[in-house]
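Data block below; observations after.
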Amino acid sequence: MNIDQATTLLEAHADYRVLRRLCIADDQVFVENVGGEPCGRLAVIDTETTGLKPDLGDRIIDLAIATCEYGRESGRLYRVVDRYESLEDPEAPIPPEIVRLTGITDAMVRGQRIDEGGIARALDGVGLVICHNARFDRAFLEARYPAFARMPFACSLEEVPWELWNMNTTKLDYIGFRFGLFHEGHRARADVDMLLALLARPAPDGEEGILSLLLASARAPSWRVHAVGLPIENKDYASARGYRWNDGKFNTMRAWWIETRDEQVERQFLAGLGCKSPRVVRQTARERYRSLAARTESETNEAASDRPARRG
């Protein structure tokens, strides 16, 4: 019995599950665009870093970008058209826990530097950046290459309904396992390739492709709701709902806040807590996942106004 026969036999048995090593070529074709559908370009990006906070000096040490064509209407992922990968010297020792996690050592990054021209080439024509944790990656990407501040972002961690498909965790390696894939994770290229493989798959319920679901979410507006004037005795109710405290650094509002896809529901919730005039800012994929430190003065000024959020 050869490997293919053994694999087929195991897959047919209810007591076994077969995992396949992920292998994505530099010019991978996921499906042919036989109908000549108009295509857009997106970039799937992952970073490995020395820590969690770029504003406190943590740096990117590993960057991978895969630029892909996708169908604007169908949401199908067609093919990889470009790549860029690089290590970078953080000019300080890599913390031991990061070395253990990624396998990246000081010797590997010594003298290495990300080429901004390489990033620019990979992003040529790209209309959307996808990361598996865009709140994390976007902050580091903007700190390293400011052009990312002007780009729309989507997050496969937050905007794909993994929980509806009974995923126990949203870690990339676990999701890959649920789709029958495994990889050597915690390097930027490996995680980019795993995310590409998942985006190219149909959803477990078979209704739509995973990329199509993510694109629909990225195209829809959301709102950042600031609970300005919330009575302090009701802050625990807001916290339990998912509101987070902003201490007013970076010229932003000192208030509890949340991001939502239904601002009217949040207005009603806050009204019940005695917060009658929350400050609401409409967001698109261009603004979502930006750190408070990176928000522009115009965004802050808009948030400071009392007018209702604009509707798109």
Side-chain angles (χ1 to χ4, degrees), residues 24 27-47 64-84 122-138 141-142 147-165 167 170 172 175-176 178-179 181 191-224 259-263 282-290 310-312:
I24 302 291
D27 56 352
Q28 181 78 32
V29 176
F30 297 98
V31 62
E32 295 286 353
N33 185 5
V34 293
E37 179 185 13
C39 287
R41 284 195 175 190
L42 58 82
V44 175
I45 302 181
D46 188 70
T47 63
I65 302 173
T67 306
C68 303
E69 285 185 349
Y70 70 96
R72 292 187 182 275
E73 297 298 327
S74 69
R76 293 190 184 95
L77 191 64
Y78 284 125
R79 64 189 183 103
V80 178
V81 297
D82 200 1
R83 285 191 184 262
Y84 179 76
L123 296 180
D124 185 34
V126 166
L128 183 68
V129 174
I130 298 176
C131 304
H132 192 61
N133 185 353
R135 293 190 191 280
F136 175 85
D137 290 297
R138 181 167 191 168
L141 291 168
E142 289 183 0
F148 280 110
R150 300 187 295 273
M151 300 194 71
F153 275 71
C155 181
S156 57
L157 178 70
E158 296 192 23
E159 297 184 69
V160 176
W162 306 112
E163 70 283 355
L164 296 181
W165 306 322
M167 303 288 181
T170 51
L172 204 54
I175 298 172
R178 290 290 301 272
F179 280 85
L181 301 169
D191 287 349
V192 161
D193 284 358
M194 178 61 81
L195 184 50
L196 286 173
L198 295 173
L199 293 175
R201 295 293 185 98
D205 56 19
E207 293 183 1
E208 288 188 77
I210 290 176
L211 176 59
S212 180
L213 291 171
L214 181 56
L215 290 172
S217 177
R219 290 163 178 163
S222 62
W223 286 265
R224 181 175 284 234
E259 291 187 2
T260 180
R261 294 301 177 117
D262 193 335
E263 52 111 3
R282 184 180 187 272
Q283 298 188 120
T284 68
R286 195 175 301 278
E287 297 87 31
R288 271 194 295 271
Y289 309 117
R290 297 198 72 192
R310 299 188 307 271
R311 294 193 173 274

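In this text, all values refer to a predicted model and were calculated from it rather than measured experimentally. Hydrogens, waters and symmetry mates are skipped; everything else that's a heavy atom, side chains included, is used.
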Worksheet entry | Non-neighbouring partners of Arg83 that pass salt bridge (charged side-chain N to carboxylate O under 4.0 Å, His left out), sequence neighbours left out |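 By the salt bridge (charged side-chain N to carboxylate O under 4.0 Å, His left out) rule, Arg83 matches Asp26, Asp193.
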
Discussion item. Run the salt bridge (charged side-chain N to carboxylate O under 4.0 Å, His left out) test against Arg261 and tell me which residues pass, sequence neighbours left out.
Written reply: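 Partners of Arg261 under the salt bridge (charged side-chain N to carboxylate O under 4.0 Å, His left out) test: Glu159.
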
Where the side chain of [X] meets the backbone of [Y], is there a donor-acceptor pair that is under 3.5 Å apart?
X	Y	answer
Glu142	Arg290	no
Arg288	Ala218	yes
Arg286	Arg150	yes

State the [atom1]-[atom2] distance between [X] and [Y], to the nearest 0.5 angstrom.
X	Y	atom1	atom2	result
Asp262	Ser222	CG	OG	11.5 Å
Glu208	Ser74	CD	OG	11.0 Å
Leu211	Leu42	CG	CG	6.0 Å
Ile65	Ile45	CD1	CD1	4.5 Å
Tyr70	Ser212	OH	OG	11.0 Å

Which pair of non-hydrogen atoms, one from [X] and one from [Y], has the smallest distance, and what is that distance?
X	Y	answer
Trp162	Phe179	CZ3-CE1, 4.1 Å
Cys131	Leu141	SG-CD1, 4.4 Å
Leu77	Val31	O-CG1, 3.5 Å
His132	Ser156	ND1-OG, 2.7 Å
Gly75	Leu215	CA-CD1, 3.8 Å
Arg282	Pro221	NH2-CB, 3.7 Å

Discussion item. Test side chain to side chain contact (heavy atoms under 4.5 Å, CB included) on Leu195 and Asp46; report intermediate values, then the result.
Written reply: CA-CA 9 Å; Leu195 184 50; Asp46 188 70; over 6 Å; no

Worksheet item: For Arg41 and Val81, what are the C-alpha separation, side-chain angles and deciding distance, and is it a side chain to side chain contact (heavy atoms under 4.5 Å, CB included)?
Response: CA-CA 9 Å; Arg41 284 195 175 190; Val81 297; 3.8 Å; yes

Is any side-chain heavy atom of [X] less than 4.5 Å from a side-chain heavy atom of [Y]?
X	Y	result
Arg224	Glu287	no
Tyr289	Asp137	no
Thr170	Val160	no

Worksheet item: Are the charged groups of Arg135 and Glu158 less than 4.0 angstrom apart, N to O?
Response: yes

Fill in: Partner residues of Tyr78 under the ring-ring contact (aromatic ring centres under 6.0 Å, His included) criterion, sequence neighbours left out
none

Worksheet item: For Phe30, what residues pass the ring-ring contact (aromatic ring centres under 6.0 Å, His included) criterion, not counting sequence neighbours?
Response: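 ring-ring contact (aromatic ring centres under 6.0 Å, His included) check on Phe30 returns nothing, list empty.
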
Worksheet item: For Glu163, does the CD atom sit with more than 12 other heavy atoms under 6.0 Å from it, leaving out its own atoms?
Response: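 It does: Glu163 CD has more than 12 such atoms within range.
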
Item to complete: Please say whether more than 12 non-hydrogen atoms of neighbouring residues, nucleotides or ligands are located less than 6.0 Å from CD in Glu73.
Response: no

Discussion item. Please evaluate residues Arg201 and Leu181 with respect to the criterion side chain to side chain contact (heavy atoms under 4.5 Å, CB included), reporting the C-alpha separation (whole Å), side-chain torsions for both, the decisive distance (0.1 Å), and the verdict.
Written reply: CA-CA 12 Å; Arg201 295 293 185 98; Leu181 301 169; 3.7 Å; yes

Practice prompt. Report the C-alpha separation of Glu69 and Asn33 in whole Å, then their side-chain angles, then the decisive distance to 0.1 Å, and conclude whether the side chain to side chain contact (heavy atoms under 4.5 Å, CB included) test is met.
Written response: CA-CA 10 Å; Glu69 285 185 349; Asn33 185 5; 6.0 Å; no

Worksheet item: Can you name the residues that form a side chain to side chain donor-acceptor pair (under 3.5 Å) with Asp205, not counting sequence neighbours?
Response: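 Scan of Asp205 (side chain to side chain donor-acceptor pair (under 3.5 Å), adjacent residues dropped) gives Trp165.
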
Fill in: All side chain to side chain donor-acceptor pair (under 3.5 Å) counterparts of Arg72, not counting sequence neighbours
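Applying side chain to side chain donor-acceptor pair (under 3.5 Å) to Arg72 gives none.
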
Fill in: Residue pair Glu263 / Thr260, side-chain donor-acceptor N/O under 3.5 Å
no

